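Report on the following structure.
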Number of protein chains: 2
Amino acid sequence: MKIIVADDHHIVRQGLLALIQTARVGSIIADVDSGEKAWQHILRHEPDIAILDITMGEVSGLSVCQRIKARGLKTRVILLTMHSDIKVIDNALEAGAHGYLPKSDAFHSLIKAIHTVHTGGQYISDSHQSELQSYRNNKTDFELTIREKEVIHHIALGQTNKEIGKALFISAKTVDAHRTRVMKKLGFKKTAQLVRFAIEQGLSL
Amino acid sequence: MKIIVADDHHIVRQGLLALIQTARVGSIIADVDSGEKAWQHILRHEPDIAILDITMGEVSGLSVCQRIKARGLKTRVILLTMHSDIKVIDNALEAGAHGYLPKSDAFHSLIKAIHTVHTGGQYISDSHQSELQSYRNNKTDFELTIREKEVIHHIALGQTNKEIGKALFISAKTVDAHRTRVMKKLGFKKTAQLVRFAIEQGLSL
DNA sequence: AGATAAATAGGGTATTTCCCCTATATCGGC
DNA sequence: GCCGATATAGGGGAAATACCCTATTTATCT
């Protein structure tokens, strides 16, 4: 079994190499530190399995995964992440990943994932599986309306509902309604989380 | 040389163990997956070196580092992070870290860091060193105490005063006092502004 | 020794957030 | 013409905040 490992963190690559060697589960034909290098290598050698970190500089593991799917290559993909966010897992599987593994997971999970994926199956940990199920069942479209984004923008600037109301020529109560709806959509409970989201999504400019 | 490794990602721990064993640079007496466990272990066994991830669940490596400094333990700390943000490095060193290492750094950097730190030196990569110099030269001193930064960190995570109090073993009223003092120092009036500040200043890790 | 700063924590109050509810008007799609 | 989504807005209440105050302890500096 030919395996390629891609992660921008040298220590993580070392860990993966050590684990895979110990388990004698296959041979690593390459370990690279970027999505772009991974893609070049996969295109040329079409390995059996690609273990890709999601967050890697310019070309993410997700992006490489989509390219593999688009080209119809036989390489099967296991995506790795730091935090096991259910939204990210959903994205990963929709991008065509055959397996999903949080970095916090232990040795045997990795080996199990490699085996499962190689024999044509899909690997997700049991706990994530059930979580994903319920997430997909009641995932109400996460898209925010223009007005909602506008309100978030003002919230991230540190304005109160009253101030935002004045700025947008609506009542503070309406602002509160928008705010509450957004919170519900995103599953947040505090303004702080919303501000963080706004900054990360570029809604605060 | 006794070394403890703390990182919530199993694969990263494996990588560190493999590297340290290969280099025969010391013996790892423990590897744990949380800041709390690390702190308990360090308190009891006072190892020579603690290699701590900064971002670990509730108790960060930064926080463990501060505790070690406060207790005057001989354990020397090397902090690890994903992204080499200069603000985070500055925070880490001010928190009492003896070394700073991005996870993307290679084998020899880790070994060099361990050696340097063990012999009483401070390790940062050369490129980061010069960057840090210029950053510190023109950073406008906001004069926040370590405790205040710690509180801000939790606020930016979206925790309430009550929750922060529990996490830091102080009353919610004290958290409120810190919060109010920071607001006054920085001229803020809302949590949102504080969250923005924390993210921009790299205090949110 | 005295001053200063930091961390602790309580009392009190006004404001704000968070979240439940109902209700109306508008607009686009089927 | 009706349905669903969006935007509007109000009632109400529990929780959290922002900000005023005082006060003690510990540590550091002069």
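This is a predicted model, so every value here is computed, not measured. We name chains A, B, ... by the order of the sequence lines, and we start the count at 1 in each one.
Separating the CG atom in A:L80 from the CD1 atom in A:I54 is a distance of 8.0 Å, to the nearest 0.5 Å. Atom-to-atom distance recorded for A:I89:CD1 and A:Q129:CD is 9.5 Å, nearest 0.5 angstrom.
Dashed line: the shortest gap from a side-chain N or O of B:K189 to OP1 or OP2 of D:dT17 is not under 4.0 Å. Residue A:K162 has a polar side-chain atom (N or O) positioned under 4.0 Å from OP1 or OP2 of C:dT16. An OP1 or OP2 oxygen of C:dC20 is reached within less than 4.0 angstrom by no side-chain nitrogen or oxygen of A:T180. One finds a side-chain N or O of B:R147 lying less than 4.0 angstrom from the OP1 or OP2 phosphate oxygen of C:dT8. Between B:T191 and D:dA18 there is a side-chain N or O to OP1 or OP2 distance below 4.0 Å.
In this structure, B:T174 contributes its side chain and B:I170 its backbone to no donor-acceptor pair below 3.5 Å. Here the side chain of A:R196 pairs no donor or acceptor atom with the backbone of B:V195 at under 3.5 angstrom.
If you measure from atom NZ of B:K173 to atom P of C:dG11, you get 8 Å, rounded to the nearest angstrom. The CZ-P distance, from A:F169 to D:dA7, rounds to 18 Å in whole Å. Between the P atom of D:dC19 and the CG atom of B:L186 lies a distance of 12 Å, rounded to the nearest Å. Computed from coordinates, the B:Q159 CD to D:dT17 P distance equals 11 Å when rounded to whole Å. Distance B:N161 CG to C:dA7 P: 16 Å, rounded to the nearest Å.
Taking only side-chain atoms of A:T160, from C-beta outward, the nucleotide of D:dT17, C:dG11, C:dT17 with the closest atom is C:dT17. Between D:dA9, D:dT17, C:dT16, one nucleotide has an atom nearer to the side chain of B:R179 than all others, and that is D:dT17. Distances from the side chain of B:T174 to the nucleotides C:dA6, D:dA9, C:dA9 place C:dA9 closest.
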>> side-chain hydrogen bond (donor to acceptor under 3.5 Å, both in side chains) for B:Q159 and B:H154? Distances and angles first, verdict last.
In response: CA-CA 6 Å; B:Q159 294 182 285; B:H154 286 274; 2.5 Å; yes

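Judged by closest nucleotide on DNA chain C, B:H178 is the one of B:H178 and B:K190 placed further toward the 5' end.
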> Going 5' to 3' along nucleotides 24-30 of chain D, which nucleotides have protein heavy atoms under 4.0 Å from the base (write B), which only from the sugar-phosphate (write S), and which from neither (write -)?
Replying inline: -------

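Nucleic acid contact class of A:D176 (heavy atoms, under 4.0 Å, all strands): base.
Between the side chains of A:Y100 and A:T81, at least one donor N or O sits under 3.5 Å from an acceptor N or O. No hydrogens or angles considered: a donor-acceptor pair under 3.5 Å links the side chains of A:T191 and A:R179.
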